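Data block below; observations after.
This one's a predicted model, so the numbers in the text were calculated from it and none came from an experiment.
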Amino acid sequence: MRWQGRKQSDNVEDRRGLRVPGGGAGLGLGGAILILAVALITGKDPRALLQLLSQVQESVPEASAPPAGPPADELGKFASVVLADTESTWDAIFSPTGGGYQAPKMVLFSQAVRSACGTASAAVGPFYCPNDRKLYLDLSFFDELSHRFGAPGDFAQAYVIAHEVGHHVQNLLGISDQIHAAQQRAGSEAEENALSVRLELQADCLAGVWAKHTKIELEAGDVEEGLRAAAAIGDDRLQKLGQGEVQPESWTHGSSEQRVRWLRQGIKSGDPNTCKT
Ligand SMILES: [Zn+2]
């Protein structure tokens with residue numbers, strides 16, 4: 001992606017290096033409950049997150065003032081430019097005359113962060129909190145994406161941001177509320193998970209819609225990077241990596257094949273109305 005020198009978003013809150021109160025002493029039961037809340041919102045398996053709890057917060061950084069102004073480091077600038085591009089893209093899709101899209105804030109953090117959905121460790125990965133309409137991103141996830149999941153490249157990273165923005169779009173359109181209401185009525189965990197998968201695959205498709213319309217000039221191999229990332233974070237692939245066995249009824253995000261298919265669908269159509277998962 002040729003993103004350098006492009007406009008950065010005004011909607012970035014840089015909280016990297018900020019200490020989360022209470023984070024240093026471990027999250028405790030309250031934290032565990034909050035993590036469960038985050039898990040429900042992001043669709044992640046809370047059991048997997050609770051295993052991660054023990055790893056949370058040995059060394060939260062010392063308190064310091066957040067850097068003023070937009071991020072000046074390479075990765076921070078990149079995330080900010082991608083966010084700015086999603087703003088103009090979705091604004092144009094929401095209303096041809098502009099102004100119809102309320103952009104989300106993006107919070108950059110390191111290690112742990114407080115959100116209106118609870119305190120979260122970086123281990124939960126990037127997430128969107130509908131309560132405060134903010135995306136939360138620890139940029140070290142991009143390292144993990146590249147090295148642990150084998151999906152390097154700036155477009156792979158942009159896809160992650162665009163997926164979380166996709167959850168914001170779902171929130172604005174009232175789709176998230178509908179799904180959560182349906183989950184309350186669901187008779188089984190498998191049914192609840194199936195609804196979560198549909199929400200996640202739709203966010204992938206909406207990320208594809210952004211990719212179709214982005215004004216950032218793409219380079220050869222970019223789309224493949226995104227598709228590789230979608231495949232890398234499919235539930236089947238992650239389960240194989242984590243526990244060695246694959247249990248489709250516990251999926252909350254969809255298989256690699258499904259994630260690639262819906263991302264591709266968005267890229268092909270560029271039309272959110274075709275994202276009916
Ligand atoms: Zn998601």
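- Two residues are said to be in side-chain contact when any heavy atoms from C-beta on lie closer than 4.5 Å; Leu139 and Arg16 meet this criterion.
- Sorted by first and then second residue, the pairs that involve residues 254-267 and meet salt bridge (Lys or Arg N to Asp or Glu O under 4.0 Å), not counting sequence neighbours, are Asp204-Arg259, Glu257-Arg261.
- Taking the six-membered ring for Trp and thresholds of 30 and 60 degrees, Tyr128 and His168 have ring planes more than 60 degrees apart, a perpendicular arrangement.
- In this structure the side chain of Glu164 never reaches within 4.5 angstrom of the side chain of Ile161, judged on heavy atoms.
- Identified under the side-chain hydrogen bond (donor to acceptor under 3.5 Å, both in side chains) test for residues 267-277, with sequence neighbours left out: Gln265-Thr274, Ser269-Thr274, Asp271-Asn273.
- The aromatic rings of His163 and His253 sit parallel to each other, their planes meeting at less than 30°, with 60° as the upper class boundary.
- Contact annotation: the side chain of Arg6 approaches that of Ile216 to within less than 4.5 Å [non-hydrogen atoms, C-beta and beyond].
- A 4.5 Å side-chain heavy-atom check between Asp154 and Gln157 finds at least one atom pair inside the cut-off.
- Using cut-offs of 30° and 60° on the angle between ring planes, the pair Phe127 and Phe109 is perpendicular.
- Side chains of Tyr159 and Leu145 form no contact here, defined as non-hydrogen atoms less than 4.5 Å apart.
- At a cut-off of 3.5 Å, with distance as the only test, a side-chain donor of Asp236 or Ser256 sits close to an acceptor on the other residue.
- Gln8 places no side-chain N or O within donor-acceptor distance of the main-chain N or O of Ser80, the cut-off being under 3.5 Å.
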query = Step by step, would you call Glu87 with Ser9 a side-chain hydrogen bond (donor to acceptor under 3.5 Å, both in side chains)?
reply = CA-CA 8 Å; Glu87 288 162 5; Ser9 171; 2.7 Å; yes
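- The backbone N or O of Ser176 lies less than 3.5 Å from no partner atom in the side chain of Asn171, so there is not a single donor-acceptor pair.
- Smallest separation of non-hydrogen atoms from Asn11 and Leu83: O-CD2, 4.0 Å.
- Atoms CD1 and CG, from Ile93 and Leu206 in turn, are 8.5 Å apart once rounded to the nearest 0.5 Å.
- Rounded to the nearest 0.5 angstrom, Thr89 OG1 and His213 NE2 are separated by 7.5 Å.
- Contact of the Val169 side chain with the Pro272 side chain is not registered, since no non-hydrogen atoms from C-beta on lie closer than 4.5 Å.
- Applying the salt bridge (Lys or Arg N to Asp or Glu O under 4.0 Å) rule to pairs touching residues 120-142 yields Glu13-Lys134, sequence neighbours excluded.
- Taking both residues in full, the closest heavy atoms of Trp210 and Ala162 are given as CE3-CB, 3.6 Å, listed atom of the first, atom of the second, then distance.
- In the model, Trp3 has no side-chain atom that pairs as donor or acceptor with a side-chain atom of Asp85 under 3.5 Å.
- Using a 4.5 Å heavy-atom cutoff, the side chains of Pro152 and His147 are not in contact.
- Residues Lys212 and Ile267 come closest through the heavy atom pair CD-O, 3.1 Å.
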